[in-house]
Amino acid sequence: MNRRVRLRFAPSPTGPLHIGGVRTALYSYLFAKKHGGDFLLRIEDTDQTRFVPGAEEYIIESLNWCGIKIDEGVGVGGPFAPYRQSERKESGIYAKYAKQLVDKGYAYYAFDTSEELETARKNAESRGTSFSYNAQTRNSLKNSLSLPESEVKQCLAQQNYVIRLKVNPDEEIVLNDLIRNEVKFNSNIVDDKVLLKSDGMPTYHLAHIVDDYLMQISHAVRGEEWLPSAPAHILIYRYLGWENEMPQYGHLPLLLKPDGNGKLSKRDGDRLGFPVFPLEWKDPNSGEISSGYREKGYEAQAFVNMLALLGWNPGTEREIFSMEELCHEFSFSHVHKAGAKFNPEKAIWFNTQYVQKSSDDYLVGKLKEQLMSVLNLSEQDKRLSVDYLTPAVHLIKPRIHFAKELYSTAPYLFESPENYDLKIIEKRWKPELEGFFNQLTKDFDQINNFESAVVEEQFKQSAVAAGIKPGDVLQLLRLMLSGVGSGVDLFGMIALLGKKEVQERIEKALKKITN
Ligand code: GLU
């Protein structure tokens, strides 16, 4: 069948989007784009009790941040609008198809109260089995198949019923999964799932099928927690007569905790200090804040790259891919069947790669923002000029993992230190060195071309002339200029600060140390 490739991401707005959900969206998007198709966003909000305000906006903002473009859906519109299930319900589509199944004998009305179902469950448990509403049990329960017609009419008149799928025993069900290939089931393991709830809302089982069908979805990719329900879904397609239009399902393996023991949860993130959400989230009820990759300073592209490789590989050792390259390379045949262990260090590694290959323009812009928020500088200040910031970025860049660390990694490039690491003074300083440093500032006067290599050469000569090993005073020189014992390339820093600033800093430090 030659159909247009259309994939949807169909989250429920029950809270912030877990990175596992972002990965589902990403893989769907990559596959759609690889095949020149569409990526849709549908909001599955039929469970009103789990609705969380702000969650839908959060989902959209997360996709935007990742660069996952929505072709059709909530917030964008499109030919199959509305794309929010609560709004779609208004037109009665879900009830219509549920009734159609009842009329064809593939579904029935059930009137059991939750207490009655609970009793049935307990009874089954006391017999050492688990309760299932199915071909074996349905005749002893309260529904339109077991009750006399007059009673059914009465019950229906009270408008208090659910519609359940009537699963025929012993049907063979074959799932042709994008990731797991062929998986066979027997309908005997499928229960008579509720399709339409008593409040008239469809369950996920019915709603996603009606919508996938009407929206002409070609591939439905979702978390593997849905795999056990897949046979029921195939039966619904079959009973509705839509099996030929059924999207190909793909069930993605879980994202696991770093040690591989179980599903990656919010608590792991809090415990181990890494976010499990793309963006920061403030719980509207408790006010509790959960950290996000964006706010932690991750580059969106690095985050996407990291996520893409959590469970997929290109078949080579290559790890760095732009979104465009991912769209080109991605395929479900290289998605692993086993769960993918989340690795926080690897996330930082990816970000580091992206920061290291960021353009000067981008990093200069970031550094400038940071400087302006920390120091009170006038627009004309030379330290804000591109000529000053570009070499500063070159000096700092090799030492950072995140762009937001630019300023804090080397604040001394922008302000003379007020404090000096006492441990280094204790270890290295000798009173007789005062003369050497005084002479050094004078020797610097002779240099016209105050460049890194020239200054370094002069420093060595001055040391030798004073009978000192350059290595014995190198760290002190750094300390005088920066206040600390290690940092960016020393002579690069000296060249950037310039002769006058360097001389002033040495003089200032000498005063402090010799006092
Ligand atoms: N609303 C479902 C969920 O959030 C969607 C599953 C699917 O993609 O079909 O798990």
Side-chain angles (χ1 to χ4, degrees), residues 5-32 37-52 54-60 62-63 68 70 72-74 80 82-89 94 97 175-180 193-195 197 201-237 240 242 245-255 263-266 276-278 281 311 332 335:
V5 170
R6 286 169 62 78
L7 285 88
R8 85 301 191 275
F9 178 51
S12 300
T14 53
L17 189 58
H18 185 275
I19 53 174
V22 183
R23 189 187 61 166
T24 305
L26 176 64
Y27 286 4
S28 300
Y29 173 78
L30 295 177
F31 186 82
D38 309 318
F39 175 75
L40 288 78
L41 175 67
R42 184 173 71 225
I43 295 289
E44 303 205 324
D45 56 350
T46 55
D47 190 349
Q48 307 272 290
T49 57
R50 295 180 63 217
F51 178 82
V52 173
E56 181 185 302
E57 292 76 5
Y58 179 96
I59 290 165
I60 295 175
S62 300
L63 297 180
I68 298 174
I70 304 163
E72 246 179 80
V74 171
F80 301 100
Y83 292 89
R84 230 177 251 114
Q85 286 182 332
S86 57
E87 291 169 24
R88 297 176 66 72
K89 183 216 160 209
Y94 305 118
Y97 290 111
L175 170 71
N176 188 5
D177 193 86
L178 282 164
I179 295 146
R180 285 151 203 280
K193 288 197 187 310
V194 173
L195 302 176
K197 295 182 273 189
M201 278 288 189
T203 56
Y204 164 71
H205 307 296
L206 177 68
H208 91 277
I209 289 174
V210 168
D211 287 343
D212 282 352
Y213 171 76
L214 294 176
M215 294 177 184
Q216 299 172 10
I217 298 303
S218 62
H219 300 77
V221 177
R222 58 188 181 184
E224 81 177 353
E225 66 273 19
W226 292 113
L227 188 61
S229 311
H233 299 158
I234 295 174
L235 288 179
I236 300 173
Y237 275 103
L240 282 167
W242 296 343
E245 283 82 20
M246 186 171 95
Q248 190 177 2
Y249 279 109
H251 291 93
L252 286 178
L254 294 174
L255 282 190
K263 193 174 159 182
L264 181 69
S265 75
K266 183 170 118 48
V276 295
F277 300 117
W281 166 259
F332 282 109
V335 171

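Indexing begins at 1, ligand by ligand and atom by atom, following the structure's order.
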Worksheet item: Does the gap between the ring centers of Trp226 and Tyr249 come in under 6.0 Å?
Response: no
Discussion item. Distance under 4.0 Å to a non-hydrogen atom of Glu44: what atoms of ligand 1 satisfy this?
Written reply: 1 (N), 2 (C), 5 (C)
Worksheet item: Is it true that a side-chain atom of Glu44 and a backbone atom of Gln85 form a donor plus acceptor pair closer than 3.5 Å?
Response: no
Discussion item. Please check: side-chain N/O of Arg42 versus main-chain N/O of Tyr83, any donor-acceptor pairing under 3.5 Å?
Written reply: no
Any N or O on [X] sitting closer than 3.5 Å to an N or O of ligand 1?
X: Ala10; answer: yes
X: Ser12; answer: yes
X: Arg8; answer: yes

Item to complete: Have a look at His219 and tell me which of Tyr29, Phe31, Phe332, Phe9 forms a ring pair (Phe, Tyr, Trp, His ring centres under 6.0 Å) with it.
Response: Phe31
Discussion item. Test of understanding: given a 4.0 Å heavy-atom threshold, classify the contact between Phe9 and ligand 1 as side chain, backbone, both, or neither.
Written reply: neither
Discussion item. Tell me the nearest of Tyr204, Tyr249, Trp226 to atom 7 (C) of ligand 1, using heavy-atom distances.
Written reply: Tyr204
Practice prompt. Look at Asp212 together with Arg8 and state whether they make a salt bridge at an N to O cut-off of under 4.0 Å.
Written response: yes
